There are 2 protein chains.
Amino acid sequence: MADTPELDERKETILHAVIDTYLATGEPVGSRTISKYTDLKLSSATIRNEMADLEDMGYVVSPHTSAGRIPTDKGYRFYVNQMMSVMKDINAREEDVQEREQEVQEMKKFLNEKVDRVDTLLQNVAKLLANNTNYATMVTTPQMSGNKLKFVQLTALGDKKVLAVIVMDGNLIRNKVFDFSEEITQEQILKLNILLNTTLNGLTLEQMNMSIISKMEQQAGPHGPLVREILNAIVETIQNADHLQIYTSGATNIFKYPELSDSSTASELISTLEEKQMLTNLVKADLEGDNETGIQVYIGEETPVETMKDCSVVTATYELQDGMKGTIGIIGPRRMDYEKVVGTLKTIRTELDGMFKKQS
Amino acid sequence: MADTPELDERKETILHAVIDTYLATGEPVGSRTISKYTDLKLSSATIRNEMADLEDMGYVVSPHTSAGRIPTDKGYRFYVNQMMSVMKDINAREEDVQEREQEVQEMKKFLNEKVDRVDTLLQNVAKLLANNTNYATMVTTPQMSGNKLKFVQLTALGDKKVLAVIVMDGNLIRNKVFDFSEEITQEQILKLNILLNTTLNGLTLEQMNMSIISKMEQQAGPHGPLVREILNAIVETIQNADHLQIYTSGATNIFKYPELSDSSTASELISTLEEKQMLTNLVKADLEGDNETGIQVYIGEETPVETMKDCSVVTATYELQDGMKGTIGIIGPRRMDYEKVVGTLKTIRTELDGMFKKQS
DNA sequence: ATTAGCACTCATTTTTCAAGAGTGCTAATA
DNA sequence: TATTAGCACTCTTGAAAAATGAGTGCTAAT
């Protein structure tokens with residue numbers, strides 16, 4: 001608003017100190033503590049005055065008259081913003097990289113071991129993150145946009161059943177078995193294969209509109225209804241392939257934080273993680289808000305998921321070469337270790353890209 | 001042991017009454033309550049004496065001197081055994097069927113609506129069960145035994161990649177893409193297809209032993225290593241197809257039962273449900289113990305999963321026509337409504353069979 | 001064999017009290 | 001004018017004490 005910053009330097013230092021200590025201890029922090037903690041060389045009385053100001057400005061509150069202060073969402077927001085802008089320049093502090101080196105190595109090793117499917121990989125990522133951070137985590141499958149059909153291959157299975165193998169760009173493969181009302185011959189299948197592939201190959205889902213479909217139905221002549229059935233299956237399958245899946249892990253980590261572990265809050269949270277339905281909001285918000293870093297921090301009420309208003313959520317977008325995007329999220333208490341979490345997510349984001357290149 | 005039953009009729013009645021009331025209230029039940037509850041027309045003092053006997057025999061305990069009694073595992077076991085033997089004759093009480101009729105209808109409707117994949121169906125079953133019973137639930141994918149290979153189909157994807165579509169009996173289909181070190185021609189693929197299918201079709205996993213593999217390697221001549229690679233992929237894929245998947249739901253229902261919701265117990269339980277790893281014990285135990293009814297009740301310490309020793313678990317085997325077997329489990333507090341749970345599971349077991357026939 | 005009566009036990013709840021942490025305000029100080 | 005020391009006051013926390021009440025075990029009466 002004003003062009004002078006709202007907080008002078010001393011207030012900033014004090015606020016930072018308050019939040020730092022609160023993150024570490026989880027207890028309201030008093031003026032005496034700060035007066036010792038900082039190198040400001042100020043008495044507790046002075047700090048008290050400053051803290052009263054900070055309270056007026058809405059950065060901190062005291063839970064009751066004779067307690068220390070705890071940060072408000074606004075306070076956390078200040079802290080995180082400051083942190084993010086510092087991190088942008090430095091990208092990753094030497095010591096942090098050092099410290100996380102081992103983690104990454106361990107992760108790589110673990111991931112390379114028994115991973116033959118992307119979903120297993122993602123599940124493992126969730127699990128590892130949960131273990132390393134002590135927060136709850138979620139990881140989504142990558143979402144493709146503008147999926148192109150590479151080819152379709154029909155095969156008779158006998159018994160009036162036909163197997164359609166649908167291959168999309170990026171070698172994403174889906175199967176669909178369907179029953180016909182009557183037995184189908186080898187020639188018919190051959191014909192259908194040719195018809196489907198000459199018309200559809202290279203098209204995106206959006207391009208398979210009504211006009212193309214009805215044209216194909218005409219060309220198929222007597223097999224019109226059959227073609228329609230197959231097309232529907234294809235469309236549905238492609239849509240399904242794009243179906244968002246969410247893996248979560250470490251839900252019970254929330255019991256490590258007293259402010260979240262009273263049973264009603266905990267129950268609600270775990271439910272949300274278990275049902276996964278509501279987590280899609282998180283993903284949407286994450287994919288839309290494209291800041292440069294690919295990292296998004298939601299503090300308390302800011303989070304797009306109703307049931308998580310007592311938590312903070314940090315999300316990261318990971319992106320594969322083909323423009324497939326997915327989301328990783330970390331859910332913890334407001335007083336989470338933002339610095340470590342953001343750092344870890346930045347690392348994972350990068351690593352994940354490399355790993356996917358190895359997997360097909 | 002002795003040929004006279006350990007409990008005379010009066011003791012049985014009283015024990016039954018104690019357990020019944022305890023199931024309903026969750027509080028230790030005292031002698032006065034029982035003296036009113038039963039039609040035995042006995043004073044509380046008499047009941048007190050009988051209860052003291054029951055305590056000596058290990059069917060009940062009092063949590064402290066001046067409290068009522070609660071059932072021990074042995075007590076529950078008696079209760080459940082009695083119930084199961086009664087149910088075997090009656091199969092399903094008229095009123096229960098009536099009462100559950102609506103549930104089943106609702107379920108069928110829901111399941112038929114948006115279910116196009118077996119795994120979604122099973123997930124929904126878990127969810128519905130959890131909602132209807134207020135306990136935590138798990139459902140496994142059906143396990144096949146002696147999976148036979150129907151055929152394999154290799155297709156070039158270009159870019160040194162080959163798609164293998166593996167079709168098993170029961171039209172279970174898996175895909176696997178793999179990279180070769182060098183480009184592969186159309187003829188080579190054709191040859192490989194023929195070689196693979198003439199040799200392998202109709203074989204189970206167990207039959208693909210070393211002698212067959214090395215024989216094929218020889219026949220393939222220069223493509224030996226290639227064939228080996230493909231075979232490995234096939235074997236792995238089939239094993240993977242048989243990979244047990246477990247869906248859980250309603251984990252947070254455990255918060256409805258105070259005896260389970262202190263945070264360490266709850267955390268451990270939810271973890272187990274989330275990780276799913278340990279639940280396989282449950283499945284194994286369920287599939288092995290083949291009693292006539294297909295229903296198995298584990299009380300407290302009896303359960304094959306360590307972390308669930310404060311719970312009771314009821315499992316049911318469902319079986320599809322092709323001999324595929326899966327497990328449904330309900331996890332709740334010791335004082336769960338065994339009668340309702342067993343009844344519901346019996347119904348679901350039957351319904352599920354019908355539904356699978358509809359799905360492919 | 002059953003029951004009434006009574007003393008006793010122990011968990012639970014409520015009340016009371018003391019300790020401690022931290023604040024806000026005022027007056028003194030540099 | 002900005003800082004600090006000092007003090008009264010507030011409110012949480014924890015422990016101890018007291019009251020409540022449900023339920024038992026035992027004895028003596030029926």
Side-chain angles (χ1 to χ4, degrees), chain A residues 4 7-15 17-22 24-72 75 258-259 261-262, chain B residues 7-15 17-22 24-72 75 258-259 261-262 335:
Chain A
T4 54
L7 296 176
D8 59 36
E9 199 175 329
R10 196 168 76 176
K11 283 203 174 54
E12 280 198 9
T13 316
I14 291 172
L15 178 54
V18 169
I19 298 182
D20 258 352
T21 13
Y22 184 67
T25 66
E27 312 245 293
V29 2
S31 52
R32 245 178 83 76
T33 316
I34 297 300
S35 121
K36 282 186 242 158
Y37 181 92
T38 54
D39 19 338
L40 285 174
K41 291 289 172 204
L42 291 174
S43 77
S44 64
T46 314
I47 305 284
R48 265 205 293 290
N49 290 328
E50 292 289 48
M51 297 221 295
D53 290 352
L54 284 172
E55 179 153 16
D56 287 343
M57 293 188 238
Y59 288 97
V60 292
V61 277
S62 46
H64 57 85
T65 14
S66 74
R69 304 303 210 294
I70 62 177
T72 60
E259 62 266 49
S261 47
D262 75 292
Chain B
L7 297 175
D8 59 36
E9 201 176 330
R10 197 169 74 178
K11 282 201 174 57
E12 279 198 10
T13 317
I14 291 171
L15 178 53
V18 168
I19 298 182
D20 259 352
T21 14
Y22 184 68
T25 65
E27 311 246 293
V29 1
S31 51
R32 246 178 83 77
T33 318
I34 297 298
S35 124
K36 282 186 243 157
Y37 179 93
T38 55
D39 19 338
L40 286 173
K41 290 291 173 203
L42 291 174
S43 77
S44 63
T46 314
I47 306 284
R48 263 203 296 287
N49 290 328
E50 293 289 47
M51 297 219 297
D53 290 353
L54 285 172
E55 180 153 16
D56 286 344
M57 292 188 240
Y59 288 97
V60 292
V61 277
S62 44
H64 55 87
T65 11
S66 73
R69 304 303 208 294
I70 61 176
T72 60
E259 63 265 51
S261 47
D262 76 290
R335 58 179 180 91

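Below, chains carry the letters A, B, ... as their sequence lines are ordered, and counting in each starts from 1. Remember, predicted model here, so these are calculated numbers, not experimental data.
- Rounded to an integer number of Å, the gap from D56(A) CG to dG24(C) P is 9 Å.
- Atom CD of E27(B) is separated from atom P of dG23(D) by 9 Å (rounded to the nearest Å).
- Between L42(B) and A67(A), the one whose closest nucleotide on DNA chain C sits nearer the 5' end is L42(B).
- When the P atom of dT4(D) is taken as reference, atom CE of M51(A) falls 15 Å away, rounded to whole Å.
- Within the structure, a side-chain polar atom (N or O) of R69(B) is placed less than 4.0 Å from OP1 or OP2 of dG25(D).
- Counting to the nearest Å, the P atom of dT23(C) and the CG atom of D53(A) are 14 Å from each other.
- Between the NZ atom of K36(A) and the P atom of dA21(C) there is a distance of 10 Å, given to the nearest Å.
- Look at R10(A) and you'll find a side-chain N or O under 4.0 angstrom from OP1 or OP2 of dT3(D).
- With hydrogens and angles disregarded, no donor-acceptor distance shorter than 3.5 Å links the side chain of S35(B) to the backbone of S31(B).
- Straight-line distance from the CD1 atom of I47(A) to the P atom of dG24(C): 13 Å, rounded to whole Å.
- Among dT3(D), dG23(D), dT3(C), the nucleotide with an atom closest to any side-chain atom of S66(B) is dG23(D).
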Q: Could you walk me through whether D53(A) and K11(A) pass the side chain to side chain contact (heavy atoms under 4.5 Å, CB included) test, one step at a time?
A: CA-CA 9 Å; D53(A) 290 352; K11(A) 283 203 174 54; 3.4 Å; yes
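- Between dT4(D), dG24(C), dT2(C), one nucleotide has an atom nearer to the side chain of T46(B) than all others, and that is dT2(C).
- To the nearest 0.5 Å, atoms CD1 (I34(A)) and CD1 (I14(A)) are separated by 8.0 Å.
- Contact annotation: S31(A) reaches the phosphate of dT23(C) (side-chain N/O to OP1 or OP2, under 4.0 Å).
- Between R48(B) atom CZ and dG23(D) atom C1' the separation is 8 Å, expressed in whole Å.
- Side-chain N or O atoms of S62(A) include none that pairs as donor or acceptor with a backbone N or O of G68(A) at under 3.5 Å.
- Base pairing annotation: dA28(D) forms a Watson-Crick or G-U wobble pair with dT3(C), both donor-acceptor distances under 3.5 Å.
- Of all nucleotides listed (dT9(C), dT4(D), dT3(C)), dT9(C) comes nearest to the side chain of T65(B).
- Nearest nucleotide to the H64(A) side chain, out of dT12(D), dT4(D), dG6(D): dT12(D).
- Proximity of R10(A) to T46(A): side-chain heavy atoms (C-beta onward) are separated by under 4.5 Å at one or more points.
- Rounded to whole Å, the distance from CG on N49(B) to P on dT3(C) is 10 Å.
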